Amino acid sequence: KHPAAAVNSAGQVILVWTEETGWNKGGKVAWQVFDAEGRPVKNASASGKIDGLPVWSMGAVFANGDGFVIVY
């Protein structure tokens, strides 16, 4: 649910979304980075999930040079 995307200076794209959320229930933030050709990047930080998304919240993402910052 609630997808967000950003593109960095290297042409990589990150998709961020929420999981396990519901009415009055927080959940997780998940993400996946794709290279400039649209293929998933395969390294430890290019994808993942993190618990702790507050109730009524969602993830946001922005590019920071050639990297990304996820905020929630």
Side-chain angles (χ1 to χ4, degrees):
K1 296 180 184 176
H2 311 294
V7 180
N8 68 15
S9 61
Q12 294 176 317
V13 175
I14 186 171
L15 295 179
V16 175
W17 63 93
T18 62
E19 294 184 346
E20 299 179 22
T21 61
W23 185 259
N24 202 27
K25 179 181 178 239
K28 297 179 180 181
V29 174
W31 67 93
Q32 174 66 60
V33 177
F34 299 88
D35 66 20
E37 285 77 41
R39 296 179 301 246
V41 174
K42 298 185 187 227
N43 65 43
S45 62
S47 67
K49 297 178 185 182
I50 189 165
D51 286 320
L53 180 69
V55 174
W56 309 119
S57 189
M58 64 185 81
V61 63
F62 63 91
N64 184 6
D66 61 355
F68 300 101
V69 176
I70 299 172
V71 182
Y72 63 96

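Hydrogens, waters and symmetry mates are skipped; everything else that's a heavy atom, side chains included, is used. Positions are given from 1 along the sequence. The shown structure was predicted, so the numbers you read here are calculated from the model rather than taken from an experiment.
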Any side-chain heavy-atom pair of Val16 and Tyr72 under 4.5 Å: no
Are any side-chain N or O atoms of Asn64 and backbone N or O atoms of Gly67, one a donor and one an acceptor, separated by less than 3.5 Å? no
Within a reach of under 6.0 Å around NZ of Lys42, are more than 12 heavy atoms found that belong to other residues, nucleotides or ligands? no
Measure the spacing between CD1 of Ile50 and CD of Glu19 and express it to the nearest 0.5 Å. 13.0 Å
Hey, what do you get for CG (Asp51) to CD (Glu20), rounding to the nearest 0.5 Å? 7.0 Å
Let me confirm one number: the CH2-NZ distance from Trp31 to Lys49, rounded to the nearest 0.5 Å. 10.5 Å
Any pair with a residue in residues 32-41 that passes side chain to side chain donor-acceptor pair (under 3.5 Å), sequence neighbours left out, goes on the list, sorted by first then second residue, please. Asp35-Arg39, Glu37-Arg39
Take Asn24 and Trp56 through the side chain to side chain contact (heavy atoms under 4.5 Å, CB included) test and state the conclusion after the steps. CA-CA 7 Å; Asn24 202 27; Trp56 309 119; 3.6 Å; yes
Whether the side chain of Thr21 engages the backbone of Gly27 through a donor-acceptor N/O pair (distance < 3.5 Å, no angle test) should be reported. no
Could you tell me whether the side chain of Val33 reaches within less than 4.5 Å of the side chain of Asn8, counting heavy atoms only? no
Closest non-hydrogen atom pair, Gly59 against Ala4: O-CB, 4.1 Å
When clusters are formed by joining ILVMFWY residues with side-chain heavy atoms under 4.5 Å apart, either directly or through shared neighbours, do Val41 and Val29 land in the same one? yes
If you take all heavy atoms of Gly65 and Ser9, which pair is closest and at what distance? O-OG, 3.1 Å
Please answer: with hydrophobic residues joined when any side-chain heavy atoms are less than 4.5 Å apart, are Phe68 and Leu15 in the same cluster? no
